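This report refers to the structure that appears directly beneath it.
The structure presented is a predicted model; accordingly, all values stated were derived computationally and were not measured. Ligands are counted one by one from 1 in listed order, and the atoms in each one are counted from 1 as well. The figures here come from the full heavy-atom set of this structure, side chains too, leaving out hydrogens, waters and symmetry mates.
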Amino acid sequence: MWSVEDDHNNYKPKIVAGEAAGYVLEDVPHLSDYIPHLPFVICTRQYFVNNGDTVTQKIVLHKNSPRGTHFRRAGPRQKVYFESDEVLACIVTCGGLCPGTNTLIRELVCGLYYMYGVSSVLGIEGGYRGFYSKNTISLTPKVVDDIHKRGGTFIGTSPGGHDTLKIVDSIQDRGINHVYIIGGDGTQKGASVIFEEIRRRGLKVSVAGIPKTVDNDIPVIDKSFGFDTSVEEAQRAINAAHVEAESFENGVGVVKLMGRYSGFIAMYATLASRDVDCCLIPESPFYLEGPGGLFEYIRKRLKENGHMVIVIAEGAGQEVLTENMHNIMDQQDASGNKFVQDVVAHG
Ligand SMILES: Nc1ncnc2c1ncn2[C@@H]1O[C@H](COP(=O)(O)OP(=O)(O)O)[C@@H](O)[C@H]1O
Ligand SMILES: O=P(O)(O)OC[C@H]1O[C@](O)(COP(=O)(O)O)[C@@H](O)[C@@H]1O
């Protein structure tokens, strides 16, 4: 009988020698570990990214056009720079929440432990400010075992609080040499400044920025974690609005979804639900009055169908707001993000 406890105590990373040498990527118990003479064996393949591998920004190129921008490809390298026992890693989560953050924390801790033999991982509590204002927590596979079943972030987050010198002092004083930073665009700007300060001080410290955005608005990756869950949840709201709108004569259901600068959640939820008559997103400006305006379209749909559902992404329609409201829009939150106005409330 196998238990998590046994696994933690007896674990040794599986390293394969020879031509295809390296770590086995996913080290989970296999049926063949318990029943040795199985008629067939499924092997977990070893996998490395070559140092020269890149991901092109544009997939389609014309025959004689320039090669364009290439990004270095992420993934496990055959040559590992740090010895396992010299690594002291830390993980910090900053900015807004996103479904899947705890899964990511768990996989980082377990991946470092089981695939690279790294057992010292610290959690920085409460975002960037946690580096200099709080104690750290020790993250082991046992501690993070079931955190992926909970929402939010296990180690907490906060807006603001980025003090580069204090953060790098803390990294240096604690002897941390791997810094994993999970967060959105603001967080990654912060990570870049931390990296520059580390380089300026000549420290042997790796900084890894892990993009987190519920909005899926990063062009070079296929899909950001948390996006699917958001689209799934959004459809429930759309469904409820549709039921309500349909029950009344000229009923209009309005669903406001996340998306300060990006309409991916609104668009995908709209495409999936098929109950939406109009989807408004920040990337597509619109106007209210006159021919081709939103009001004209609403009147037309109500006449045709007797009810309608409008989906609006949070930042859509900023251009239809009055000058007065623009004064409020110049204000910023603790992280320096401009406030967007609620077009639904002002509609
Ligand atoms: N330009 C910047 N330089 C340094 N730190 C920044 C910058 N912008 C934001 N940050 C920091 O990044 C963290 C998260 O930013 P925020 O905008 O709240 O969330 P997100 O990372 O989701 O965009 C905050 O602690 C904030 O202080
Ligand atoms: O109200 P808050 O916490 O500032 O966040 C709301 C905004 O953050 C977002 O969720 C984007 O955040 P991320 O890209 O960092 O996930 C927007 O879609 C949303 O409009």
Protein contact to [atom] [nearest heavy atom, distance to 0.1 Å]:
atom	result
atom 6 (C) of ligand 1	G186 O, 3.5 Å
atom 18 (O) of ligand 1	S335 OG, 2.6 Å
atom 14 (O) of ligand 2	T213 OG1, 2.7 Å
atom 7 (C) of ligand 2	R260 NH2, 3.7 Å
atom 17 (O) of ligand 1	N337 ND2, 2.8 Å

Proximal ligand 1 atoms for [X], defined as those under 4.0 Å from one of its heavy atoms:
X	answer
K189	1 (N), 2 (C)
G96	22 (O)
D185	21 (O), 23 (O)
T187	12 (O), 13 (C), 14 (C), 15 (O), 20 (P), 21 (O)

Check: Can you find a protein heavy atom under 4.0 Å from atom 1 (O) of ligand 2?
Finding: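 So far as the 4.0 Å threshold goes, atom 1 (O) of ligand 2 is out of reach of every protein heavy atom.
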Notebook entry, point to check: Could an N or O of ligand 1 be found under 3.5 Å from any N or O of G95, whether backbone or side chain?
Noted result: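 Between G95 and ligand 1 (N or O atoms, distance only) the closest approach is not under 3.5 Å.
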Next item on the list: Could you tell me whether K212 and ligand 1 have an N or O pair separated by under 3.5 Å?
Entry: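 Among all N and O atoms of K212, at least one is under 3.5 Å from an N or O of ligand 1.
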If you measure every N or O of [X] against every N or O of ligand 2, does any of those distances drop under 3.5 Å?
X	value
D215	yes
G259	yes
V214	yes

Among [options], which one has a heavy atom closest to [atom]?
atom	options	result
atom 3 (N) of ligand 1	G190, P211, C98	G190
atom 25 (O) of ligand 1	S192, G160, G184	G160
atom 15 (O) of ligand 2	Q188, E314, K212, K256	K212

Has [X] got a side-chain atom pairing as donor or acceptor with [Y]'s backbone, closer than 3.5 angstrom?
X	Y	result
Q188	I210	yes
E319	F286	yes
S273	Q235	no
D277	M308	no

Taking 4.0 angstrom as the limit, do [X] and [Y] come out as a salt bridge?
X	Y	result
D145	R106	yes
E304	K300	yes
K204	E86	yes

Next item on the list: Compute the ring centroids of H178 and F82, then answer whether they are less than 6.0 Å apart.
Entry: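 Centroid distance H178-F82: below 6.0 Å, so yes.
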Note to self: How close do D169 and R201 get, counting heavy atoms only, and between which atoms?
What the structure shows: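 That would be OD1-NH1, 2.8 Å.
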Check: Side chain or backbone of M258 under 4.0 Å from ligand 2, or both, or neither, by non-hydrogen atoms?
Finding: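 Within the 4.0 Å criterion, M258 contacts ligand 2 through backbone and side-chain atoms alike.
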Notebook entry, point to check: Does even one non-hydrogen atom of R129 get within less than 4.0 Å of ligand 1?
Noted result: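 Not so, R129 does not reach ligand 1.
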Check: To the nearest 0.5 Å, how far apart are OG1 in T153 and CD1 in I105?
Finding: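 It is 4.0 Å, given to the nearest 0.5 Å.
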Next item on the list: Would you please test E196 and R199 for salt bridge (charged side-chain N to carboxylate O under 4.0 Å, His left out) and show each step?
Entry: CA-CA 5 Å; E196 289 303 338; R199 185 152 70 173; 3.4 Å; yes
Margin query: Run R73 and T54 through side-chain hydrogen bond (donor to acceptor under 3.5 Å, both in side chains) and show every step you take.
Written below: CA-CA 5 Å; R73 190 171 169 214; T54 56; over 6 Å; no
